Each structure stands twice: as structure tokens, then as C-alpha cells.
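Everything on this sheet refers to the single structure shown next.
First listed ligand is number 1; within each ligand, the first listed atom is number 1. Here the structure is a predicted model, which is why all the values come from computation and not from measurement.
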Amino acid sequence: MTILVSGGAGYIGSHTVLYLQQQNEDVIVLDNLSKGHRGALCNLKFYEGDLTNTALLDKVFQENKINAIIHFAASSLVGESMEKPLDYYENNVLGTFHLVKKAVEYNVNNIVFSSTAATYGEPKNIPILETDPTIPTNPYGETKLAIEKMLKWSHEAYGLNSICLRYFNAAGADPEGRIGEDHTPETHLIPIVLEAALGQRDGVKIFGDDYPTLDGTCIRDYIHVFDLAQAHYLAVQKLISDGGCDVFNLGNGQGFSVKEVIDTCRKVTQKEIKAEVSPRRGGDPAQLIASAEKAHNKLGWKPQYDSLETIVQHAWNWHSTHEEGYE
Ligand SMILES: NC(=O)c1ccc[n+]([C@@H]2O[C@H](COP(=O)([O-])OP(=O)(O)OC[C@H]3O[C@@H](n4cnc5c(N)ncnc54)[C@H](O)[C@@H]3O)[C@@H](O)[C@H]2O)c1
Ligand SMILES: O=c1ccn([C@@H]2O[C@H](COP(=O)(O)OP(=O)(O)O[C@H]3O[C@H](CO)[C@@H](O)[C@H](O)[C@H]3O)[C@@H](O)[C@H]2O)c(=O)[nH]1
């Protein structure tokens with residue numbers, strides 16, 4: 001198969017690309033490198049540019065016989081989206097609109113989309129099912145939900161097959177340590193705690209300890225980035241064999257509080273890590289934990305690295321050997 005990966009130079013994208021290459025699939029990446037790293041990729045055709053560059057999209061679709069698209073390219077930070085909602089509508093909804101329009105024009109009928117747990121908002125039930133209400137608490141989640149609907153209607157009208165994967169919190173790194181997570185600035189909890197362990201930060205700020213959870217800090221379901229990669233491959237195979245339009249949660253079904261994550265990082269790194277409570281960050285739901293039964297049953301997805309300690313260990317292996325990231 002030839003698979004076009006948008007945002008393939010980013011964190012989850014580059015791990016998925018590596019996984020696809022290990023399955024001997026032919027991968028093409030389109031990325032504007034606003035956040036991603038060319039150094040995270042090797043042995044593939046790379047197009048540097050933006051989703052909104054329609055001339056570039058024409059070139060990509062004309063030069064390659066693409067069987068499926070995996071669409072990662074997006075702005076993806078909950079806190080930032082509260083401050084810059086229009087940037088999120090522009091990059092996520094408008095960017096995807098251009099990609100989907102070209103996919104339809106060139107008859108590329110299969111797309112796997114990076115959706116998110118942020119589409120649910122504050123959940124009524126734990127664990128969260130795909131059929132639960134979607135009422136986002138931040139603009140980021142709203143843009144992802146708008147795209148899910150764009151894909152649903154495009155399936156009905158144009159026969160575009162799609163699978164939306166609602167991932168919970170991606171974490172960890174390539175188990176073999178070849179690539180990892182490198183965002184500037186970093187905003188995600190686990191890499192921030194590991195930067196503190198490396199002495200690159202004074203400590204960690206806990207965003208709120210007055211949530212209705214056991215220790216008062218937010219609970220998230222952390223899922224290994226290589227397990228996400230496997231799910232994307234299964235989703236592409238499912239689209240190619242069965243077509244259709246569907247939505248799946250991807251998580252481990254286990255929740256960890258911010259304090260528990262910091263403690264696990266202390267255990268794995270054997271470092272003292274200072275943590276202090278600071279005000280809540282806008283847009284954060286108290287608790288997000290997935291039911292991924294549907295992905296297990298319908299995609300045959302089986303996460304391999306489901307312990308938080310393993311996830312943190314893999315992240316630490318990469319961070320501690322790449323203190324400057326890809327630089
Ligand atoms: N990290 C998570 O925990 C998480 C959880 C749920 C969903 N997601 C979704 O997964 C996807 C990947 O997340 P990530 O953490 O790897 O993010 P990332 O920022 O590391 O990767 C995104 C990539 O897309 C590229 N990009 C962004 N806008 C673009 C545009 N307009 N044109 C071309 N390239 C563009 C960036 O340069 C980057 O390489 C995103 O869609 C995100 O919303 C992430
Ligand atoms: O310095 C920090 C950073 C984060 N947090 C908290 O840690 C939790 C996890 O935060 P973060 O790692 O930033 O991830 P989320 O905001 O949960 O969002 C991630 O996970 C979502 C799915 O749940 C995805 O959609 C997003 O793209 C992805 O960034 C949240 O409660 C944060 O408030 C802190 O307390 N201190």
C-alpha cells in the first residue's frame with residue numbers, strides 16, 4: 001500500500017510512520033514542519049508544506065498512487081486553543097477541508113483521522129464509550145468534532161470511507177529508542193516531568209488540586225504511542241477491506257492522576273522531582289478514561305505496552321539520551 005501521512009514529522013505521526021515502514025508499507029509524508037522534525041523520518045518521500053497549499057496537494061496526489069491517508073496534521077493543545085480559538089478553526093477545520101476536498105477529487109477514498117478524547121468534554125460515565133455525549137470543554141475538541149462530522153457527511157455524499165480514532169493521552173516513545181517526543185515549547189505532562197528530572201526545569205506545576213478526584217488532580221488515560229501506531233495500521237486495513245465510516249476510542253482503560261504520573265516518573269528516573277500546585281488550566285476536564293472495547297473487538301487492537309511504568313520508561317530512555325531533542 002501507499003499511505004499518505006499528513007503531520008508525519010510530528011510526535012504520533014513519526015512513530016506511526018516508523019511502524020508502517022516496519023510493516024513494509026510505502027509511506028509519503030506531508031508536513032509544514034511548524035511542530036515536527038525532518039530528523040524523525042528516514043527513507044521516504046517528504047513534501048514540506050501546508051495543508052492549505054492546494055497546489056502542493058495537487059502535486060502530491062498527481063505524483064503518487066495513494067491508497068489511504070492518515071491525517072495527523074493539526075494544532076493540538078487544549079490550553080492554547082482556549083487562548084487562540086480561531087487559529088484552531090483555521091488550522092484544523094480549514095486545513096482538513098482542503099485535504100478532504102482533494103482526496104475526494106482524486107478518488108482517494110480511505111482516511112484515518114486523529115480525533116481525541118477532548119471531543120467528549122466532561123464525561124457523564126467512566127469509562128467513556130463512543131456513543132456517549134460529545135460536548136467539548138475547549139475549542140480544540142470542538143474543531144476535532146467538526147472534522148468528524150465533515151467526514152461523516154463526506155462518506156454519505158461522496159463515499160469517502162473514514163475511521164476517526166479518538167485517542168486519549170499519547171505518551172512514551174519508540175521501544176527501541178530511535179525516535180521520541182520533542183515539542184518546543186513542551187506542554188505535555190510526562191515530557192515536562194522528565195525535563196524536570198533532567199534538571200532542564202526547576203520543577204513541575206500541578207494545574208489544580210481541587211478537582212473531584214481522589215487526590216484532587218486531573219485523571220487521564222495514558223496510551224503508548226506505538227500502540228496508537230498499531231491501531232492506525234489496523235484502521236487502514238479495515239477501511240480497505242470493509243469501507244464505511246466509524247469512530248473508535250483508543251486508550252488503556254486505566255486512569256492516572258497528575259500526582260500519580262509524577263510519582264511514577266520519580267520511580268522510573270530515580271530522581272527527585274519538585275512539584276508545586278498552581279491554578280487550574282482552562283478547558284481541562286477532571287477525568288478522561290476510555291473504554292476501548294470497540295477497537296479491541298472490531299479492529300482487533302491489542303495494546304502491548306499498557307503499564308504506565310513502561311510508557312514512562314520508554315519516554316525516559318529517549319529523553320535521557322536526547323537532552324536537546326532532535327537538534
Ligand atoms: N498528543 C496527544 O496526546 C494527542 C491525543 C489525541 C489526539 N491527538 C491528535 O494527534 C495528532 C498528532 O498529535 P501530535 O501530538 O503528534 O502533534 P504534533 O504537533 O507533534 O504533530 C503534528 C504535526 O502536524 C504538522 N502540522 C500542523 N499543522 C499543519 C498544517 N497545516 N500543514 C501541514 N502540517 C501541519 C506539524 O508540523 C507536526 O509535525 C493531532 O491531530 C492531535 O490533535 C494527539
Ligand atoms: O505542566 C503540566 C502539564 C499538564 N498538567 C496536567 O496534566 C494533564 C495532562 O495534560 P497534557 O499532557 O497537557 O494533555 P491533555 O491536556 O490532557 O491533552 C492531551 O490529550 C488529549 C486527549 O485526552 C489530546 O487531545 C491533546 O491533543 C493532548 O495534548 C492535564 O490535567 C493537565 O492540566 C499539569 O498539571 N502540569
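- Heavy atoms of G95 stay at 4.0 angstrom or farther from ligand 1.
- Distance from atom 32 (N) of ligand 1 to its nearest protein heavy atom, with residue and atom name: L51 N, 3.1 Å.
- Among protein heavy atoms, the minimum distance from atom 30 (C) of ligand 1 is reached at N32 ND2, 3.2 Å.
- The side-chain contact (heavy atoms from CB on, under 4.5 Å) search around A146 returns V93, not counting sequence neighbours.
- Taking atom 4 (C) of ligand 1 as the reference point, the nearest protein heavy-atom neighbour is I12 CD1, 3.8 Å.
- Atoms of ligand 1 found under 4.0 Å from any heavy atom of S115 (numbered from 1 in listed order, with element): 6 (C), 7 (C).
- Of the protein's heavy atoms, N91 ND2, 3.1 Å lies nearest to atom 28 (N) of ligand 1.
- Looking only at heavy atoms of the protein, atom 40 (C) of ligand 1 is closest to F72 O, 3.2 Å.
- Under the rule for a side-chain contact (heavy atoms from CB on, under 4.5 Å), the partners of A295 that lie at least two apart in sequence or sit in another chain are F248, L250, L299, W301.
- Numbered from 1 in the order shown, with element, the atoms of ligand 1 that lie under 4.0 Å from a heavy atom of S76 read 17 (O), 42 (C), 43 (O).
- The A73 neighbourhood of ligand 1 comprises atoms 24 (O), 26 (N), 29 (C), 34 (N), 35 (C), with distances under 4.0 Å to a heavy atom of that residue.
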Check the pair H188, E181 against side chain to side chain donor-acceptor pair (under 3.5 Å), reporting the backbone distance first and the verdict last.
-> CA-CA 10 Å; H188 294 109; E181 182 167 14; 3.1 Å; yes
Working for ring-ring contact (aromatic ring centres under 6.0 Å, His included), residues H15 and Y11 | CA-CA 7 Å; H15 285 79; Y11 169 47; 5.4 Å; yes
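- Side-chain contact between L99 and L57 is present, with at least one heavy-atom pair separated by less than 4.5 Å.
- For the pair G49 and ligand 1, a heavy-atom separation below 4.0 Å is found.
- In terms of protein heavy-atom proximity, atom 10 (O) of ligand 1 is closest to Y167 CE1, 3.3 Å.
- When each atom of ligand 1 is checked for a heavy atom of K144 under 4.0 Å away, the hits are 40 (C), 41 (O), 42 (C), 43 (O).
- Protein heavy atom closest to atom 37 (O) of ligand 1, with residue, atom name and distance, is D31 OD1, 2.7 Å.
- From K302, atom NZ reaches atom CG of L234 across 9.0 Å, with rounding to the nearest 0.5 Å.
- Every atom of ligand 1 is numbered from 1 in the order shown, and the set under 4.0 Å from a heavy atom of A9 is 39 (O).
- Near H183, meaning under 4.0 Å from one of its heavy atoms, ligand 1 places the atoms 18 (P), 19 (O), 20 (O).
- Here the side chain of N161 pairs a donor or acceptor atom with the backbone of G244 at under 3.5 angstrom.
- Between F72 and H232, the two ring planes are tilted [angle within 30° to 60°].
- Residue L33 approaches ligand 1 through these ligand atoms, each under 4.0 Å from one of its heavy atoms: 37 (O).
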For ligand 2, output the ligand-protein N/O contacts shorter than 3.5 angstrom; if there are none, return none.
{"residue": "ligand 2", "atom": "12 (O)", "partner": "L189", "partner atom": "N", "Å": "2.8"}
{"residue": "ligand 2", "atom": "13 (O)", "partner": "T187", "partner atom": "O", "Å": "3.4"}
{"residue": "ligand 2", "atom": "13 (O)", "partner": "R281", "partner atom": "NH1", "Å": "3.1"}
{"residue": "ligand 2", "atom": "13 (O)", "partner": "R281", "partner atom": "NH2", "Å": "3.4"}
{"residue": "ligand 2", "atom": "14 (O)", "partner": "N169", "partner atom": "ND2", "Å": "3.2"}
{"residue": "ligand 2", "atom": "16 (O)", "partner": "R281", "partner atom": "NH2", "Å": "2.5"}
{"residue": "ligand 2", "atom": "17 (O)", "partner": "N169", "partner atom": "ND2", "Å": "2.9"}
{"residue": "ligand 2", "atom": "17 (O)", "partner": "R220", "partner atom": "NE", "Å": "3.0"}
{"residue": "ligand 2", "atom": "20 (O)", "partner": "N169", "partner atom": "OD1", "Å": "3.4"}
{"residue": "ligand 2", "atom": "20 (O)", "partner": "N169", "partner atom": "ND2", "Å": "3.3"}
{"residue": "ligand 2", "atom": "23 (O)", "partner": "N169", "partner atom": "OD1", "Å": "2.8"}
{"residue": "ligand 2", "atom": "25 (O)", "partner": "T116", "partner atom": "OG1", "Å": "2.4"}
{"residue": "ligand 2", "atom": "25 (O)", "partner": "Y140", "partner atom": "OH", "Å": "2.9"}
{"residue": "ligand 2", "atom": "27 (O)", "partner": "S76", "partner atom": "O", "Å": "2.7"}
{"residue": "ligand 2", "atom": "27 (O)", "partner": "Y140", "partner atom": "OH", "Å": "2.9"}
{"residue": "ligand 2", "atom": "29 (O)", "partner": "S76", "partner atom": "O", "Å": "3.4"}
{"residue": "ligand 2", "atom": "29 (O)", "partner": "H188", "partner atom": "NE2", "Å": "2.8"}
{"residue": "ligand 2", "atom": "33 (O)", "partner": "D284", "partner atom": "OD2", "Å": "2.5"}
{"residue": "ligand 2", "atom": "35 (O)", "partner": "K205", "partner atom": "O", "Å": "3.4"}
{"residue": "ligand 2", "atom": "35 (O)", "partner": "F207", "partner atom": "N", "Å": "2.9"}
{"residue": "ligand 2", "atom": "36 (N)", "partner": "K205", "partner atom": "O", "Å": "2.7"}

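- Between D31 and R38 there is no salt bridge, since no side-chain N of the basic residue sits under 4.0 Å from a carboxylate O of the acidic one.
- Applying the 4.0 Å criterion to heavy atoms of S34 picks out, from ligand 1, the atoms 26 (N), 27 (C), 36 (C), 37 (O).
- In this pair, W318 and H322 present their aromatic rings parallel. The plane angle is below 30°, not in the 30 to 60° band.
- Remark: minimum distance from atom 19 (O) of ligand 1 to any protein heavy atom is reached at K35 CB, 3.6 Å.
- Among pairs with a residue in residues 234-245, those fulfilling salt bridge (charged side-chain N to carboxylate O under 4.0 Å, His left out) read K238-D242, at least two apart in sequence or across chains.
- With a 4.0 Å heavy-atom cut-off, ligand 1 is reached by the backbone of F168 but not by any atom from C-beta on.
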